[in-house]
Every structure is written in structure tokens, then in C-alpha cells.
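Scroll down for the structure; my scribbles are underneath it.
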Amino acid sequence: MSLPVVAIVGRSNVGKSTLFNRIAGKRISIVQDEIGVTRDRIFATAEWCGHTFTLVDTGGIDLKSTDEMAKHIVKQAEIGIDMADVILFVVDVKSGLTADDYQVADKLRKARKKVILVVNKLDNYKEEELYDYYALGLGDPYGVSAEQSKGIGDVLDKAVSFFGERKEHTEDDGVIKIAIVGKPNAGKSSIVNRLAGEERVIVSNVAGTTRDAIDVPFNYNKQKYVIIDTAGMRRKRSVEDETVERYSIFRTMDSIKRADVVVVVIDVSVPITEQDVKVCALAHNENKPVVIVMNKWDLIEKDNDTMKKVTTQLETDLAFMNYFKPVFLSALTSKRMDKLMPAINEAYENANKKITAGTFNDILQTACSVTVPPSKNGKKLRIFYGTQTGVCPPTFVLFVNDTSLMTDNYLRYLENSIRKSIDFTGTSIRITLKSKREEDL
């Protein structure tokens, strides 16, 4: 990353995510009084006194636990520590110093990083409550209340002072944002890790491992990308209204909205489900370019027609979005992973494609000569001309004599005619109508 990195670390339930949200200026990390809510590293771009930096939230560190998930969380926190320029080590004044705090402090000293000791939940500031924390050997403690936004400015003043003369850059507008979505346990995080070239998010066969939307930057062929790895989406009716998982579903939907390309990951080793279709429909309804990834291809017994049969079934299940082109791969073995980025770029480029008015009107003229426009009550639809008015998705306006004469079937025919002439694989296209009197032409 080109920006300085500030990582927030500490044991579980000390208020790291609340502090993260206060600094980021918006509710990014899920905040809930439950141990282990934040599991992966969560990224956000933050700013303080003219300094822009990357803020990283990490899962609670429990060095003594033998639980598999706890070990995953520790590993991710260690990666966050390793990549950080400044570390905010958060402890909880209400629970006091614990053996875990001492162990984390020892780990941070060995990392030889710039560390700021943040004593959280100090709602009524008393300086004497900070004295015990000098025992951690990390310098002066800073008392804050993340919940009440008290004392955070002093922490940030200290943090940016460590940036020195480091050259800072604002976020590049040329970054392509990719949302990775799908049901739980479809292999989304494995795909993220393959693309990013390192273990950036937890990979586990436990459904629901990823709960937040996690931004992971990487480069490919000199182009900058950000992957938004999202929580797996389950049926809404199976999720309680106020649970962490329900918040995760909302986060997934928000990730789709802000993405430039949506990658829908489907587990090809099991039959496609209603929920797979619904996830695809979410991306389609947002008019996002879409790549369908049929993951776990290594688990399928194949013959020469297997890929064709699966594709045919997909075309039936996803008939509402006939523009997709599936990518068959195995994130576990990396087989056919080289097909994914070209497919993403193709969908992105097609969604941004512009065609000249002359080319578009030639397509319309040919289509109308092959199949004449419909008539109603003796009045025939006339299409005078058309033009492209936008991208993402490619949007076209047809000027006609009477919009009420257009039928859904003929509109679909025109869309298919456009697609036969121009490659719009991976993206929806939008056609709107405007009435225009012939004498005004």
C-alpha cells in the first residue's frame, strides 16, 4: 500500500472496532458485545489533520487458545501487525490488565514497531487510572472512550507524528473495485487469497467465517484493484433480525452497490440453489457487470461434455441475465485461476464500452428490416433513430413515434440484435424509449 498503515490490535472485546469506526468516520466494522465478532483484517482509508492513511481493524488476539478459529484470528492479526507503520494497542480499563495484555505487549515489543498504548472505556477520565498500564513497557498510555469519542484526537496526533516525511498518496480513482459474493462456504476467501497472492482473509470450511466486507488491494498487469470479500449470504428468513450475520448480509448488499465488477462464486460440486440465483439477481438488479465463477471444479468428475452441460443448466437458471460467461476453476488447486482476471477485465471493459451513433443506428436498421416493429390497433411502431447515452451499464435511447407500441418481446429482440453485433459479455444493457413526432425530425 502507498499510504501509511495504522493497525488496531488487542485482545477480544476491548472496543477495537468501535475505535476503528470512530476514526474512519463511519460504521465499517461490525460492533457488537460478543467475543470474536471481528475475525479478518478490515481496511478503511482515514484522514487526520491533512494526513491520509490506511486504518486496519484486526480480530481479538488470544495467544493461549487452542481453538482453530482463534489461531486463524491470531495469524491475521500478526499479518496486520507486520504490515503496519503504527500500531494502536487497545486495552480495557474496566477489566483491567490481563495476562493476555502482557503477552500481546511482549509480542509488540519484539515486532519493533511504533506502538501507541490506548486505554479504552475511560468514560470518566482520571489520570491515576492510567498508572498501572506503564507496566506494559510501551510508554505513555492514552486514555480514551471510543464510545463517547473522547481522547481520540490525541491518539491520532501521536500516530501521524510517526509518519515523518513519508510520501502520502490519496486513493487512486483508477482503482477497479471487485465484489466477491456468494453463499457461505462457496470458496470466496480462497479466491481472494489466490488473487492477492497471500493469505489475506481466513480460509476455513466453517460456514460464515467471513462476516465483514473486507477490502483487499492488489495489482494485476500494472492495473490497481481492490477486492471486496464479503460475508456469505444465507436466506434472510434464516437469520435473526439483530444478529451479526444479518448485519453481514446488509454489508454484502452495500458491497455490490459500490463495486465496479461483481464476482458471484458458486460451488459447482453441488446443484445450484435458489440462493445462488438470488445472489446473481442482486448484482443484475444493480446493473453491475458480473462474472460467474463455478468454483471447486477439481471436485467434479468430468467428461468432454461436463462443462457444456453445467453451462446449459446455468443458462436455464439464470435466464434473466443471459449475458454472463461462466469461469470454471478451483481456487484450492489454482487450476484455471488464470481465466478469472481476464474475465473480470472483459466484463468491466464491456460495461464501459461506447459505440458511435452511426454504428448503433446501422444495427437498429438491420434489426428492423429483418423483423418489422410491432403494430397495435393499426398503428405501427416507428423507430426513428437511437443513441448511446451512458455506460455502466451501456444505456441506449430509442426515439420512437409512440412508446406504448413497444412490446417486451420486441425490446428483447432489439437487445439480442445489439449483442450479436457488439460484444457486451458480462454486462447488462439498458434501453429506454422517448416519443418524438415525425414532423420534429
Side-chain angles (χ1 to χ4, degrees), residues 4-25 27 29-38 42 44 46-49 51 53 55-65 70 73-74 77-78 80-81 84-164:
V5 176
V6 177
I8 302 175
V9 303
R11 57 184 170 83
S12 295
N13 213 25
V14 295
K16 297 186 300 300
S17 292
T18 302
L19 179 62
F20 176 90
N21 291 335
R22 292 295 187 192
I23 296 173
R27 196 172 189 273
S29 274
I30 296 172
V31 180
Q32 186 161 310
D33 189 18
E34 174 185 324
I35 292 176
V37 169
T38 301
I42 315 299
E47 188 271 337
W48 183 255
C49 294
H51 296 272
F53 56 95
L55 188 65
V56 183
D57 190 15
T58 64
I61 298 175
D62 183 355
L63 298 175
K64 301 188 301 297
S65 177
I73 293 171
V74 169
E78 288 175 343
I81 291 169
D85 298 292
V86 179
I87 295 167
L88 306 184
F89 175 33
V90 183
V91 294
D92 179 357
V93 72
K94 291 184 177 180
S95 61
L97 281 172
T98 69
D100 286 340
D101 290 328
Y102 281 101
Q103 285 186 302
V104 174
D106 185 56
K107 197 174 192 66
L108 293 176
R109 283 195 300 272
K110 292 177 180 177
R112 298 183 180 277
K113 297 281 185 173
K114 301 293 185 182
V115 179
I116 301 173
L117 176 58
V118 180
V119 182
N120 191 26
K121 305 184 183 180
L122 200 66
D123 300 336
N124 298 306
Y125 183 82
K126 295 179 181 178
E127 186 176 352
E128 57 268 24
E129 291 190 72
L130 299 177
Y131 294 161
D132 289 345
Y133 294 91
Y134 282 96
L136 293 174
L138 294 173
D140 294 334
Y142 286 74
V144 307
S145 171
E147 185 68 34
Q148 299 179 8
S149 295
K150 293 180 179 178
I152 297 175
D154 292 338
V155 172
L156 292 177
D157 285 341
K158 184 67 174 178
V160 299
S161 72
F162 288 133
F163 295 167

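For reference, positions follow the sequence shown, starting with 1. Because the structure is predicted, anything quoted here is derived from the model rather than measured.
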Result of checking Asp101, Asp100, Asn120, Val14 against Val91 for side-chain contact (heavy atoms from CB on, under 4.5 Å): Asp101

SB check Asp92 Lys121 (cutoff 4.0 Å): yes

Working for side-chain contact (heavy atoms from CB on, under 4.5 Å), residues Asp157 and Trp48: CA-CA 8 Å; Asp157 285 341; Trp48 183 255; 2.7 Å; yes

Nearest atoms (heavy-atom pairs only) where Leu55 meets Ala46: CB-CB, 4.5 Å

Heavy-atom pair with the smallest gap, counting every atom of Tyr133 and Val93: OH-CA, 3.3 Å

Residues Leu156, His51; criterion side-chain contact (heavy atoms from CB on, under 4.5 Å); working and verdict: CA-CA 10 Å; Leu156 292 177; His51 296 272; over 6 Å; no

side-chain contact (heavy atoms from CB on, under 4.5 Å) evaluation trace for Lys114 with Asp85: CA-CA 7 Å; Lys114 301 293 185 182; Asp85 298 292; over 6 Å; no

For the student: nearest non-hydrogen atoms of Arg109 and Gly137, plus distance: CD-O, 3.8 Å

Asn21 and Thr18 side chains, donor-acceptor separation under 3.5 Å: no

Validation row: Leu136, Tyr102 side chains within 4.5 angstrom (heavy atoms): yes

Close side-chain approach of Glu129 and Asn124, heavy atoms under 4.5 Å: no

Parallel, tilted or perpendicular: ring planes of Phe53 versus Phe163, cut at 30 and 60 degrees: tilted

Arg22 to Ala146 - nearest heavy-atom pair and separation: NE-O, 2.8 Å

Side chain proximity check, Ile116 to Tyr142, heavy atoms < 4.5 angstrom: yes

Closest contact, heavy atoms only, Val86 versus Ala159: CG2-O, 3.8 Å

Expected output: side-chain Lys113 to main-chain Ala84 donor-acceptor under 3.5 Å: yes

Heavy-atom side-chain proximity of Ile8 to Phe89 below 4.5 angstrom: no

Result of checking Leu88, Val155, Asp57 against Ile23 for side-chain contact (heavy atoms from CB on, under 4.5 Å): Leu88

Non-hydrogen side-chain atoms of Lys150 and Leu122 separated by less than 4.5 Å: no

Inter-residue atom distance Ile152.CD1 - Leu19.CG, 0.5 Å rounding: 5.5 Å

Shortest non-hydrogen separation from Lys16 to Val9 and the atoms involved: CD-C, 3.4 Å

